[in-house]
Amino acid sequence: MKRILSVVAALLFAVAFAACSNQKAPAEQALKAAEEALNSTKAEAMKYVPDQVKSVEDALKAAKDTFAKGDYAGATSAATAVAAKAKDLVSASAAKKAELTKGWEELNVGMPKTIAAIQSRVDALSKSKKLPKNLDKAKLESAKSGLAEVGKSWEEASQAYKEGSLADALAKGKGAKEKAAQIMSSLGMSAPPAAGTLSGRAYTGETPAAGER
């Protein structure tokens with residue numbers, strides 16, 4: 001009787017081992033495919049959707065951990081889901097790139113004109129014998145130094161764009177725009193119109209002071 005039980009136990013172990021072995025190879029293939037799918041999209045996706053890349057990496061690690069525990073069926077299922085998420089990174093990256101590109105193009109339409117308008121105003125005020133009301137020499141000098149900072153920031157933003165760092169370019173460009181708006185306010189200039197509303201006309205941004213109209 002004991003001999004029979006031993007044989008049965010051995011057979012059950014052999015069947016279980018065979019089933020397990022049959023699941024191991026597909027799981028290994030699924031993990032390999034998932035990793036290859038992630039690696040093929042990772043470099044581009046990191047530029048635009050780094051958080052999503054991190055999520056897929058974490059999911060892949062979890063699938064590998066499941067495999068290491070011997071749950072090959074679970075690892076196969078998890079790896080298949082990872083591969084699908086990795087492919088989704090392509091469309092997510094393209095959408096984010098389009099969004100950032102649009103934002104940059106809008107900035108690039110207005111910022112050079114805004115900087116030129118501020119420079120023109122600063123030059124005119126510097127030559128004026130009498131400054132407008134609510135504007136003194138200290139504010140004018142501050143505007144001059146601020147304009148230099150805006151120019152430098154915009155150059156850095158433009159360089160980042162040329163290098164393909166859209167997110168960095170847009171962040172730097174928005175910072176330059178905010179600083180420019182502060183300078184315009186201090187000089188009594190009106191805010192620049194939204195991109196696309198210039199209709200080809202030169203924007204001066206000047207708000208004539210009393211007695212200058």
Side-chain angles (χ1 to χ4, degrees), residues 15-115 150 152-181 191-198:
V15 171
F17 180 78
C20 191
S21 297
N22 288 337
Q23 290 180 331
K24 184 176 182 179
E28 288 176 330
Q29 293 175 358
L31 284 170
K32 182 179 179 181
E35 190 159 17
E36 289 177 348
L38 175 57
N39 289 338
S40 67
T41 61
K42 184 176 179 179
E44 184 74 0
M46 280 298 292
K47 297 178 183 178
Y48 308 110
V49 286
D51 290 344
Q52 284 184 239
V53 173
K54 178 65 166 55
S55 177
V56 178
E57 288 178 329
D58 290 344
L60 178 59
K61 182 180 183 301
K64 289 181 176 180
D65 290 343
T66 300
F67 179 88
K69 294 175 182 176
D71 183 1
Y72 302 131
T76 299
S77 178
T80 301
V82 169
K85 290 179 180 178
K87 291 179 181 178
D88 288 342
L89 290 175
V90 176
S91 56
S93 296
K96 189 63 176 180
K97 182 178 182 179
E99 177 188 330
L100 292 173
T101 299
K102 181 181 178 182
W104 171 260
E105 289 175 346
E106 290 176 349
L107 269 179
N108 199 36
V109 167
M111 276 303 292
K113 294 176 181 179
T114 296
I115 292 173
V150 169
K152 181 179 179 182
S153 295
W154 182 246
E155 287 179 4
E156 292 175 352
S158 299
Q159 184 60 37
Y161 176 77
K162 291 176 183 177
E163 294 172 355
S165 301
L166 285 177
D168 189 36
L170 193 57
K172 284 183 168 64
K174 286 183 176 180
K177 182 180 179 181
E178 290 174 1
K179 179 66 176 178
T197 63
L198 296 174

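The basis for the numbers below is simple: all heavy atoms, side chains too, and nothing from hydrogens, waters or symmetry mates.
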*Asks:* Could you tell me which non-hydrogen atom of Leu31 sits nearest to which non-hydrogen atom of Ala63, and how far apart they are?
*Replies:*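 Closest approach of Leu31 to Ala63: CD2-CB, 3.7 Å.
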*Asks:* Using only atom types and a distance under 3.5 Å, with no angle test, would you say the side chain of Ser77 pairs donor to acceptor with the backbone of Gly74?
*Replies:*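 Checked: no pair found.
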*Asks:* Can you tell me how far OG1 of Thr41 sits from CD of Glu36, rounded to the nearest 0.5 angstrom?
*Replies:*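 So the CD of Glu36 and the OG1 of Thr41 are separated by 12.0 Å.
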*Asks:* Under the side chain to side chain donor-acceptor pair (under 3.5 Å) test, which residues partner Asp168, sequence neighbours left out?
*Replies:*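 Checked Asp168 against side chain to side chain donor-acceptor pair (under 3.5 Å); matches are Lys172.
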*Asks:* Before you tell me yes or no, could you show the steps for Val82 and Leu38 under side-chain contact (heavy atoms from CB on, under 4.5 Å), namely the whole-Å CA-CA distance, both residues' side-chain angles and the distance that decides it to 0.1 Å?
*Replies:* CA-CA 8 Å; Val82 169; Leu38 175 57; 5.6 Å; no
*Asks:* Mind checking what makes salt bridge (charged side-chain N to carboxylate O under 4.0 Å, His left out) contact with Lys174, not counting sequence neighbours?
*Replies:*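 With sequence neighbours excluded, Lys174 shows a salt bridge (charged side-chain N to carboxylate O under 4.0 Å, His left out) to no residue whatsoever.
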*Asks:* Please collect all ring pair (Phe, Tyr, Trp, His ring centres under 6.0 Å) contacts where either partner lies in residues 28-68, sequence neighbours excluded, each pair once.
*Replies:*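 Qualifying pairs: Phe67-Tyr72.
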*Asks:* Which residues satisfy the side chain to side chain donor-acceptor pair (under 3.5 Å) test with Gln159, sequence neighbours excluded?
*Replies:*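 Here the qualifying residues are Glu163.
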*Asks:* Should Val109 and Glu105 be marked as a side-chain contact (heavy atoms from CB on, under 4.5 Å) after you check the CA-CA gap, both sets of side-chain angles, and the distance that decides it?
*Replies:* CA-CA 6 Å; Val109 167; Glu105 289 175 346; 5.7 Å; no
*Asks:* Return the set of residues passing salt bridge (charged side-chain N to carboxylate O under 4.0 Å, His left out) with Glu44 (not counting sequence neighbours), or none when no residue passes.
*Replies:*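 By the salt bridge (charged side-chain N to carboxylate O under 4.0 Å, His left out) rule, Glu44 matches Lys47.
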*Asks:* Roughly how far, to the nearest 0.5 Å, is NZ of Lys85 from OG of Ser55?
*Replies:*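 Atom-to-atom, Ser55:OG and Lys85:NZ are 5.5 Å apart.
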*Asks:* Which pair of heavy atoms, one from Ala176 and one from Ser153, lies closest together, and at what distance?
*Replies:*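 Heavy-atom minimum between the residues: CB-CB, 3.9 Å.
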*Asks:* Would you give the length of the straight line joining atom OG1 of Thr114 to atom CG of Leu107, rounded to the nearest 0.5 angstrom?
*Replies:*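 If I round to the nearest 0.5 Å, the distance is 9.5 Å.
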*Asks:* Rounded at 0.5 Å granularity, tell me how far CD in Glu28 sits from OG1 in Thr76.
*Replies:*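 Answer rounded to 0.5 Å: 9.5 Å.
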*Asks:* Would you call Lys61 and Asp65 a salt bridge, taking side-chain N to carboxylate O under 4.0 Å as the test?
*Replies:*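 Yes, this pair counts.
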*Asks:* Enumerate the ring pair (Phe, Tyr, Trp, His ring centres under 6.0 Å) contacts for residues 79-112, please, sequence neighbours excluded, ordered by first and then second residue.
*Replies:*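 For residues 79-112: Trp104-Trp154, Trp104-Tyr161.
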*Asks:* Could you go through Lys96 and Glu99, starting from their C-alpha distance and side-chain angles, then the distance that decides it, and tell me whether this counts as salt bridge (charged side-chain N to carboxylate O under 4.0 Å, His left out)?
*Replies:* CA-CA 5 Å; Lys96 189 63 176 180; Glu99 177 188 330; 3.4 Å; yes
*Asks:* Over all heavy atoms of both residues, which pair between Ala34 and Ala79 is shortest? Give the atoms and the distance, please.
*Replies:*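 The pair with the smallest heavy-atom distance is CB-O, 3.4 Å.
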*Asks:* Decide side-chain contact (heavy atoms from CB on, under 4.5 Å) for Val150 and Met111; before the verdict, give the C-alpha distance in whole Å, the side-chain angles of both, and the deciding distance to 0.1 Å.
*Replies:* CA-CA 10 Å; Val150 169; Met111 276 303 292; 4.0 Å; yes
*Asks:* Got a second to check how far Leu170's CG is from Lys102's NZ, nearest 0.5 Å?
*Replies:*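 Going from the CG atom of Leu170 to the NZ atom of Lys102 covers 12.5 Å.
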*Asks:* Looking at CD of Glu106 and NZ of Lys177, how far apart are the two atoms once the value is rounded to the nearest 0.5 Å?
*Replies:*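 The distance works out to 8.0 Å.
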*Asks:* Grab the two heavy atoms, one from Val53 and one from Met46, that are nearest each other, plus how far apart they are.
*Replies:*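 That closest heavy-atom pairing would be CG1-SD, 3.6 Å.
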